[in-house]
Every structure is written in C-alpha cells, then in structure tokens.
Amino acid sequence: MPAVLPARDHTGNRHAMQKTLTFLGLESSCDDTAAAIVRHRADMPPEILSSVIQSQTALHAPFGGVVPELAARAHAERLDLCIEEALAKAGLALGHLDAVAVAAGPGLIGGVMSGVMCAKGLSAATGLPLVGVNHLAGHALTPRLTDGLRYPYLMLLVSGGHCQFLIVCGPQAFRRLGGTIDDAPGEAFDKAARLLGLPQPGGPAVEAEAAPGDPRRFAFPRPLLDRQGCDLSFSGLKTALLRARDALVAEKGGLTVQDRRDLCAGFQAAVADVLAEKARRALVPYLAARPGDAVLAVAGGVAANAALRSALMRVCDADGVRFVAPPLWLCTDNAAMIAWAGIEQYRDGHVDGLDLAARPRWPLDQTAPAMIGSGKRGSKA
Ligand code: KG4
Ligand code: ZN
C-alpha cells in the first residue's frame, strides 16, 4: 500500500523535498535487466551517474519470443550484478543512496517480482526508502530527465508492447487520450518482418528494407481513421500485408527484392500515417489545456523510426508545437527512467512500504476505460 508524503526522509531530515537525491533504479519487467543511478539537486538538471543494461535478447532468440520463466530466472540472477556494476560506475556505495526505485509493473509477473523482491531486500537491509514505479511512468517522465520539459506535455508512447497518447500533467498525473485496441506498433513491425522473412527485431529491418521501396504501390488500410478519437489498431494492417504477400506469391511463385521493399515501404507509411493523424487529434484536447509552449514528446523503441519521426514533426510544425525525442537509449527500456520517475514521485510524496506488490497490469490513468487488447504482448512498454 502506498504510504503518505515523506515529510521527512528516512534520516529524519525535514527538508527531504529540497535536498539532493541519489536514487538507484531497477528495471526487470520484460527482457532487459537494468540498474541505474540518477542524482538530482533541486533546481539543477538531473544527472545519470550510471546506467547498466543486460539484454536477454540472445537468451530468448531460439524461441522466437520472450519466455517468461527464463526471463524471470535471468533477472533474478543478474540484478545483483547490474546493481554492483551501476554502483561501481557511479563510484558510489549503497550508503550514498537516498532510496531504491523499482519498476513494480506492468510487465511479465515473474520479472517484475524479481525486481520488486530485490528492491525490498535492499530496502530491508539498508533502511533505504522503497519507491514502486509504474514502468510506463518511467517512459512518460523521460523527457523531463533528458530535456527538462515542463508539465503538461503530450506523450506518444510507441513500443513493442504499448501504444498510447498521454497528457503528462505531473509525476503521478496522466490523462490517457487513447491507445491501441490490439497490437502495439513495434509488435506489428515485428510480425511484418516475420511475414517477409526479415530478421528480428522487425522494426529496424522493415525500415531499412522500406528505404528504397515505393510506399504507394500497395494501398494498405489506415485502420480506425474513420472512427473519432485517438484509439488505434494495427492487427488489420498486418492481415493486409499477409494478403498482399500471398497474392504476389500466388501470382509469381515468390517475392522479388523490389516486392519486399515496396511491401515494407507501404506498411511503414500506413503505420506512420495513422500515428500522425491520431497525434493531430490528440493535440486538440492537449492544446486546449496548454495553448502556449506546447510539446509533443515520444518514447519507446518505435520512436527510432525516421518515417514516423518525420510524420510527427510535420504534424507538430503545422500546429506550432515543439517535437521532442529523447536519445534512443533512453527511449527504450532502461533503469535510469525508473530512478528518475522514483525521484519525481518521491518529491511528489510517494513512498512504498515492504508490502509493495508486483502488478502485471497497471494502467497509468486509472480513470480511462480499460483497453481490451492494449499491449497484447503485455510485457514491454
Ligand atoms: O521500447 P523497446 O526497445 O522495447 C519495448 O517494446 O519496450 O521497443 C522495441 C520495439 C520492437 O518491436 C522493434 O521492432 C521496434 O521497437 N523498433 C522499431 C524500430 N526500432 C525498434 N520499429 C520501427 N522502426 C524502427 N527503426
Ligand atoms: Zn518499456
């Protein structure tokens, strides 16, 4: 159960909200084991003192997807090592920390539990406060870590497991405007790559293949554009790609190099178009709340896609909105975002007890209607 505002910190310091804070962050919600240390002096830009990520990509590669049991075991084995490395790189010991922040969900339950148990162990052994952070809040607050954005800003979170538009109003205040009702865009890119015999992760492979392709040759659908609002759908697009591929195979017995390039270009253009149009719609309620100094920020692995970035920039230019994309290594899963979200939320009065629960599902905006299929893969954000 979340405890109340730490009017004083664990040392009894009444000025906890003003003082310099150095947080350890832990991330283990999908297939990256990560530890990082972030320091924030009030009124100064935050500093990432260290950030260690051990990817499990090779571990899961033979199975064609993340195997939850393997992931959980690997997190449990590697978290300690990541923490030691993060402390060593920062030149700090546990005694220099002010708190431990951990991604307590959403994600694969075994992995999240590994992180939460590790953080609780540290907290119990050292007396450091424990801050359970929503992994999605980590992504959503990253532009404040990297670019010092002021609230409220509009965020498009586009990754392998999630896709949503949020107005980020405060460290613990998120208004969800819409999101995917089935696949996440990264998941769609990965499936598209599989359909076309391209390697994983599919996004970069499809993007590279699309570069010399003709995006107009195949008229792929723009799902849900006929429906009002910011909800998105990508599973129909994947089916359209499958049909186009099968039609070509039936006609000619296989795909030429150019066919594959054109299919990738058409698919990518459809994803970018849909996200850009929905971003344009999401800007309407956001601009009503923030008419001046408006910002659209992106996070998540799909934010690496240049066609998507250009499409979003065009939308922003048209509305006089600043477009912000944090560096890619902070857009994808990492623990610096968890440490930073922990600092922000701790200053905002959030601290947890040793009864902190691991939550496989944890919507950021508790007031928004539940999404049926959002982030079906459910593990990555
Ligand atoms: O954020 P991320 O590293 O992991 C999570 O899903 O949380 O995102 C990975 C996803 C994968 O589905 C990958 O195919 C996609 O991001 N991705 C891309 C690109 N680079 C990575 N999608 C489209 N274009 C890219 N350049
Ligand atoms: Zn994520």
Side-chain angles (χ1 to χ4, degrees), residues 25-34 36 53-57 60-61 64-66 71 103-108 111-112 115 133-142 155-164 166 179-180 183-196 198-211 213 234 237-238 241 264-265 267-275 298-312 325-338 340-341 360 362 364 374-381:
L26 302 179
E27 162 59 40
S28 58
S29 62
C30 187
D31 59 353
D32 292 305
T33 315
I53 303 177
Q54 283 204 18
S55 165
Q56 298 179 5
T57 307
H60 300 290
V66 179
L108 295 172
V112 178
V133 167
N134 184 312
H135 173 93
L136 302 174
H139 281 302
L141 296 171
T142 296
M155 154 72 48
L156 168 59
L157 182 52
V158 264
S159 73
H162 287 269
C163 178
Q164 50 190 303
L166 297 164
T180 183
D183 292 355
E187 193 174 11
F189 269 104
D190 293 343
K191 287 179 181 169
R194 260 180 230 121
L195 289 177
L196 298 175
L198 296 169
Q200 297 293 316
V206 170
E207 180 169 21
E209 201 74 7
F234 294 100
L237 192 49
K238 177 193 64 199
L241 177 71
C264 285
F267 177 85
Q268 177 177 270
V271 173
D273 268 8
V274 169
L275 282 165
V298 281
V302 183
N305 189 279
L308 174 61
R309 281 183 186 230
S310 314
L312 293 172
L328 197 61
W329 69 280
L330 288 169
C331 276
T332 53
D333 287 352
N334 66 87
M337 70 179 190
I338 303 301
W340 170 246
W362 185 0
L364 262 186
S374 176
K376 250 197 294 193
R377 209 155 73 180
S379 46
K380 286 198 125 194

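We count ligands from 1, going down the list as the structure has it; atoms in each ligand are counted the same way.
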Considering the heavy atoms of [X], write down every atom of ligand 1 situated less than 4.0 Å from one of them.
X    : value
G160 : 5 (C), 6 (O), 8 (O), 10 (C), 12 (O)
G300 : 1 (O)
G161 : 6 (O)
D333 : 7 (O)
E207 : 24 (N), 25 (C), 26 (N)
S159 : 1 (O), 5 (C), 6 (O), 7 (O)

Query raised in the report: Below 2.8 Å, any N, O or S contact between H162 and the Zn ion (ligand 2)?
Result: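 So H162 does not bind the Zn ion (ligand 2) by this criterion.
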
Requested in this report: Decide, counting backbone as well as side-chain atoms, whether H135 has an N, O or S atom less than 2.8 Å from the Zn ion (ligand 2).
Outcome: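 Short answer: yes, at least one N, O or S atom is under the cut-off.
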
Could you tell me if the side chain of [Y] sits less than 4.5 Å from the side chain of [X], heavy atoms only?
X    : Y    : result
V298 : M155 : no
Q164 : T180 : no
L308 : L312 : yes
V133 : M337 : no

Query raised in the report: Distance-only, no hydrogens or angles: does the E27 side chain make a donor-acceptor pair with backbone N or O of I338 under 3.5 Å?
Result: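 Here the side-chain-to-backbone pair does not exist.
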
**Report entry** D190 (side chain) donor-acceptor with G202 (main chain) under 3.5 angstrom
**Finding:**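 Yes, because the side chain of D190 sits within donor-acceptor range (under 3.5 Å) of the backbone of G202.
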
Query raised in the report: Should one rank L308, V302, D190 by closest heavy-atom distance to atom 11 (C) of ligand 1, which comes out on top?
Result: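 Ranked by closest heavy atom to atom 11 (C) of ligand 1, first place is D190.
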
Query - Closest to atom 23 (C) of ligand 1 among G203, G301, A210 (heavy-atom distance) - result: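 The nearest heavy atom belongs to G203.
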
Report task. Look only at interatomic distance and state if G186 has a nitrogen or oxygen under 3.5 Å from any nitrogen or oxygen of ligand 1. Result ->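 By distance alone, the answer is yes.
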
Query raised in the report: side-chain hydrogen bond (donor to acceptor under 3.5 Å, both in side chains) with Q54: which residues, sequence neighbours excluded?
Result: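 Counting only residues at least two positions away or on another chain, Q54 forms no side-chain hydrogen bond (donor to acceptor under 3.5 Å, both in side chains).
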
Query raised in the report: With sequence neighbours excluded, what pairs up with Q268 under the side-chain hydrogen bond (donor to acceptor under 3.5 Å, both in side chains) test?
Result: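 Partners of Q268 under the side-chain hydrogen bond (donor to acceptor under 3.5 Å, both in side chains) test: N305.
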
Query raised in the report: Rounded to 10°, how big is the angle at the Zn ion (ligand 2) from H139 NE2 to D333 OD1?
Result: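 Centred on the Zn ion (ligand 2), the NE2/OD1 angle is 90° (to 10°).
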
